[in-house]
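Structure first, commentary second.
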Amino acid sequence: MPLVIAGRDGGRRVVTAADRAAQALGVRPGMALAQVQARIPGLRIAATDPAADAAALERLAAWALRRYSPVAALDPPDGLIVDVTGAAHLVGGEGALLDDLLSRLRTAKIAARAGLADTLGAAHALARFAPEPVTIAAPGETEAALAPLPIAALRLNADCVDRLRRLGFATIADLAAVPRAPLALRFGPELGRRLDQAFGRCAEPLQPFCPPELIQVRRAFAEPIAALETIARHIEKLAEALCPLLDRRGLGARCLDLIFHRVDGMVQAIRAGTARPVRDAKRLTRLLTDRLETIDPGFGIEAMTLVASLTEPLGWRQGDILGGEAELDVSALIDTLANRLGAKRLYRVSPVESDLPERSVRTVPPLDPPVCALWPEHWPRPSRLLSPPEPVEAVALLPDHPPAHFTWRGVRRHVRRADGPERVVGEWWRSDAERAAVRDYFIVEDESGERFWLFRSGDGEDPASGDLHWYIHGVFA
Amino acid sequence: MTRYAELQVTTHFSFLRGASSVEELFAQAAFFGLAALGITDRHSLAGIVRAHEAAKVTRVRLIVGCRLDLRDGTALLLYPTDHAAYGRLCRLLTLGKARAGKGACDLAWRDIVAHGERLIAVLVPDRPDALCAARLHRLARDFGDRAYLALSFRRRPGDQLRIHELSNMAAQARVATVATGDVLFHSPERRILQDILTCIREGCTIDEAGFRRERYADRHLKRPEEMARLFARWPEAVARSFEIAGRCRFSLDALAYQYPDEVGEPGATAQQILARLTWEGAARRYPEGVPDRVAATLRHELRLIEELGYAPYFLTVHAIVRFARSRGILCQGRGSAANSAVCFVLGITAIDPARSELLFERFVSRERREPPDIDVDFEHERREEVIQWIYDTYGRDRAALCATVIRYRTRGAVRDVGKALGLSEDVTRALASQVWAWSREGVEAKHAAELNLNLADRRLHLTLDLARQLIGTPRHLSMHPGGFVLTRDRLDELVPIEPAAMVGRAVIEWDKDDIDALGFMKVDVLGLGMLGCLRRAFDLLEEHKGLKLDLAAISADDPETYAMIRKADTIGVFQVESRAQMAMLPRLKPRNFYDLVIAVAIVRPGPIQGDMVHPYLRRREGLEPAAYPKPELEKVLGKTLGVPLFQEQAMRIAIECAGFTPGEADQLRRSMATFRHAGGVAQFRDRLIAGMVARGYTRAFAEKIFQQLEGFGSYGFPESHAASFALLAYASSWIKCRHPDAFLAAILNAQPMGFYAPAQLVRDARRHGVAVRPVDINASRWDCTLEAVEGSERHTVRLGLRLVRGLANRDGAALVAARADRQFRSIDDLRQRAAIPLAALERLAEADAFRPSLGLSRREALWAIRALHNEPLPLFAAASTRAGEAVPEISEPAVALRPMTAGREVVEDYRALGLTLRRHPVAFLRRDLAVRGIVPCAEAGLARDGRRLATAGLVLVRQRPGSAKGVLFLTIEDETGVANVIIWPDLFERQRHVILSAGMIAATGRVQREGEVVHVIAQNLTDLSELLRSVGARDETFPPQGGGDPAGQGGGPDPRETPGRKPRNVPMPDSGSGLEIKVPTRDFR
């Protein structure tokens, strides 16, 4: 089945890439997705993920860096530049290098084309526009190799390419034959610069790719340690060593991994997360030592590594020396609680604009920014919501009277006062079952003054709206 | 039995808020036994006339009312108790709308008080708080015993308590309470559609809507018993609804319409002036004496006009037409007015009563007691002058345009519902593209399936379902193109007026049908492109050929003109140019004017549905005798060989054969036109048949006649209208036949109009030997012009700058002005003298306008223009002024540009001008087509009946007439001519996508030959758009050479995509768009 990758271009969904099968059916990037979909039954569509593409490209660059040359660069969105100057002979020459590179990529199921030339611009053009999947322009033959390629190979913006084409320029040779001054007058300096870069008449510096390294510190112990106090002391030292490293890069830790290498070769780890980037040794230490009881030192630990596995920029903040009111920062408390209780157990509730009680609330992380939605005023809601609602036995006059009494969890309660119904209709756009569904909610008070939130499924008139069973959905404080 | 009147009802005239129509609400109210309905749309009385009609049908009383949301947040329902109060309410709304601009209303409490006399005011409260108390006191103070407080259940917590407290609060303020339902729809299941309307209004999806949805439940209409049960504690509030209904005695029936006064002579009545003008006009029309028959008709008409008091109306229309004539604006009355001899002698219409038989009762009737409806066509571009004159003459508070209610049609419904349900724009657009805009069935599941969309997707299903419900719902009010309402008294006391989107226009809240229903006078000031075209042709003829002509001066019954029409050589001609018309003309063989009238009238949905076309054709061809059971029938139907074709004939049959009075006959016609769905026809049917049987016709014959009449009740033409149009059809045919050069120039200058695009018009003219010259910076003016040919009577047509895509009129005019009598010698010269922006120069270069006189190709010109600076350099400008000629800004090495291929030139012609004077694009593909066994269109036209063949061409017209039961007619064109393809519904459904989207199509099928008319009955269709896209790469008619022309990826094959070289896909912007040949197809239904 043909596959396309779809992305958004304003409100339009467009094809950003198509596989060979799709291309054989005439699909090209930039086409409207709906149009393509209409034409090709069974088309598989995947959403574009530029972040993942970029990350994959970086991984490839890191790999090329290790394997082929000390200098590599990214050529986003889909290109990789490797400077093989002085490196090719190590793998048996330029041809062998490209063969090796492409066959390894092929093994990894990555379709690739390669061009090799004196200049970055020429290599870029050959890789993308040469007829053969692998093209090497021998030293000094750049111009000849570039001549038949289309002008789109010159890394010009699309508008410029379009205007050149409309004037009848098709290939780089066409452009190279024209005196430079008239071209510059009409198309600006960019055109000449790109030509010069491709032909090697002006330098084009490369921005080398440098893989983001993990910040980590390691301590090995002459004697294995096992006592919790000793471990804790070393954690403190590791944290103190880590913080200056973070500081130097202006980073704070969001996630810390503390790895224990035991003498028996086993590895144990503690992972601690923070709500905001942190670079305070004391806090980091506390976060890690809080969880220390989960570690079994066995016959002893011979080394510990502390890795800041997730970091975020953390600027310096000047203390308020004038004594103004500092913003109360509860993040330290929240980190402590979350690391003790588990992150999922710590949350805030936030309103959702829905009439259905169970949907009118959602949980959000403790430090999420507040939302502007509010629960409706003047409409009392129980302090405790039962999830799911529990069936009760009740009898009430139809269509809209509250029950006279009801039985919940074996206790029969006589209703003294009641208010209702509050008629809540199903959110029809979510499911067919909700299309006609109606609940009539009543606040009822029993003889002892306890208040309950009951509802009857159905509006009491239309059988499609519910089966008339009664439920309790909440208890008022 | 509880008596209850629902006083707070929102209809769908509260746009995107109410979810039910007035008719649905009244029908439901009648079913529930409600005494009355108070229609309270927001800031609007737009639905009131419909409600009035619905009330008459259902016998549920209408309480006219309106809901206002004031500046301070107060919500108020207002009901006029009498006529004067209604006038004040209209003025209040007019004031608020004028203040707030289109679509809004801005009013304060003091405005309400100022206009509040004899209006009942009902406060719509929210919570019983201090604010509410304050408003209540203000209401009690200013409205006294006309103040009420609305109590409505919301089905939210504390409802009973809230109403209890409100009720107490009202008692304290001495304001009575009234129970209302705050109704938004007639029946509970409309709730879902109402949510969608809210989303459309708020511009959000249903998932985001949250509390923007209606907060309160149970907004449907309820039974009186249910209201009594709900308000058991407040029975007086329920009873009071009835009391208020009783106090509101105002009915729309009370609106008396007043004709505007014409400035007349002192001491003379309108009738006297009309009579004088009539006889003066008659003397002018008939210089050799008014024929007796005409004089008798005039006397009859004048008598009826006097009796009904319509004289001022005739004078008004006469004044408008006289104004237009005084400005040299062509105009002509159409429609039933042409049945009036008075209109003819006054110069409003052009159908001579001496030559045709008129039926005045079709126009004005005693029984109808409705003012006549005169529609006058004016030249399209100059209609605005007439409109402004009307405003100035009658005053803006006495003249306003009617509204047109814009209702959801399929495409809009799918688009908006899809958006509300969160479908992506491309999916909704694709869905919408699968239907014809006028389709009533909505987008169906099969359309979605065709797009390979997942039908199991619930949202998609819901979208189709809800969109179907939404079709027909009003969306907003727009301006009627030319329906004027004129009154003597203030118009804003009859109906609220709102400012229109167009500056200087005011629009009333009611549409044409509402005006009709109330019997207001309306003049339709319509624009007709053909009148503009004819005036341009007359001007050209006068200027270049010294012929002074007008509509009346064209020689009648010109045999050559009729010969041309018989050959269906009528591209561009008024009315008889459509595919269906052109198929009919060779069979009808018109030889005189009346034949043309029939031709105009017969190709209409009515006659086609009533199965009148074929009997007529058979009789005309002498294959079957025209039989008349009774001589009186021959009198009526003789002209049309026994087949009723016109509305007048239907009426005459009723009069002559069934004993109807003329007025009754008109009612019969109207009942067939308007009540076809409501079922008002039955009584007339019985009377007609009984009447005919009583006069000796057989029942079977009578029934057949009735059936035929029914067929064109709504779609048929009155003869008078057909005759008016036939006049224009003849005039335009005559010019096309006798002066094809002037005709071409005039019709190109009058674009857009008619069926055909400039490309076809030019091709057709050249086929008739008209020489056409290209756009030239040194010869073209803005309009297309005629150029004399040395030593010949003939003229060639010079294409005008108006055809150049993207060239502003201002820049074109500046160029012509700067040129004066001195030719431009270079681009620099043009640039410096005309001082128009570079972009305009580029448009001219793209249109190849520098080639004819400067010898610069497109690319050479573009190359030169790109080198120019946006502002001429002052030094050079100064030097040029000194030298008296352009001093080039730069001197630089010459650059040889690759010339365009012939195919590319054609593609660029289409791109920049929409037409080409070079070869037809399909000519470049002929060899490829021949290889595929595809024959030229001309060959298909000559093929014998039944032959199977394939032919191909550019798609010109797609037409699916409602009368043809889903058959689609496709007109395609190649370099040899056009071919007509017929597509049956099953093939259409199978290949819908190709048919609706392809720019070039090959049709394989069987030839069907009917006399000279040839069709290809398609069995299979192939999309050749890809092939068409390759034209740009082709030189002459040979296969592409070398790499082709690079100018457009969409045109030439991408060098990267030649076979054997398949690099992996590189994201490239879609540069193919816009570079292909796009013939604007005309799609009709």
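So you know, we letter chains A, B, ... as the sequences are listed, proteins then strands, and number each from 1.
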query = Above 12 or not: heavy atoms from other molecules or residues under 6.0 Å from NZ of B:Lys419?
reply = no

Under 4.5 Å to a heavy atom of chain B? For A:Phe187 that would be side chain

When the 4.5 angstrom heavy-atom criterion is applied to A:Arg435 and chain B, the contacting part is both

Paired with A:Ile5, the side chain to side chain contact (heavy atoms under 4.5 Å, CB included) test is passed by just one of A:Thr16, A:Asp53, A:Val15, namely A:Thr16

Whatever's closer than 4.5 Å to a heavy atom in chain A on B:Ala209 counts as backbone

>> Before you tell me yes or no, could you show the steps for A:Asp75 and A:Arg128 under salt bridge (Lys or Arg N to Asp or Glu O under 4.0 Å), namely the whole-Å CA-CA distance, both residues' side-chain angles and the distance that decides it to 0.1 Å?
In response: CA-CA 12 Å; A:Asp75 189 6; A:Arg128 287 168 173 76; 3.5 Å; yes

Applying a strict 4.5 Å limit to non-hydrogen atoms, the region of B:Ala861 in contact with chain A is neither

Okay, B:Leu421 and chain A: the region with an atom under 4.5 Å from a heavy atom over there is side chain

So, the part of A:Asp459 with a heavy atom under 4.5 Å from chain B: the answer is neither

Turns out that what part of B:Arg154 lies under 4.5 Å from chain A's heavy atoms comes down to neither

Chain B shares the most heavy-atom pairs under 4.5 Å, among A:Asp432, A:Ile443, A:Leu33, A:Val14, with A:Asp432

Whatever's closer than 4.5 Å to a heavy atom in chain A on B:Arg858 counts as neither

Turns out that what part of B:Glu846 lies under 4.5 Å from chain A's heavy atoms comes down to side chain

Heaviest contributor of heavy-atom pairs below 4.5 Å to chain B, chosen from A:Arg163, A:Arg13, A:Glu427, is A:Arg13

Honestly, the part of B:Phe153 sitting under 4.5 Å from a heavy atom of chain A is neither

Salt bridge or not between B:Glu214 and B:Arg191? Use side-chain N to carboxylate O under 4.0 Å. no

Whatever's closer than 4.5 Å to a heavy atom in chain A on B:Arg156 counts as both

Of A:Pro182, A:Ala436, A:Pro179, the largest count of non-hydrogen pairs under 4.5 angstrom with chain B goes to A:Pro182

Interface check, chain B: of A:Val438, A:Val425, A:Val178, most non-hydrogen pairs under 4.5 Å belong to A:Val425

Applying a strict 4.5 Å limit to non-hydrogen atoms, the region of B:Leu862 in contact with chain A is both

Most contact-rich option vs chain B, by heavy-atom pairs under 4.5 angstrom, among A:Ala32, A:Pro148, A:Ser354, is A:Ser354

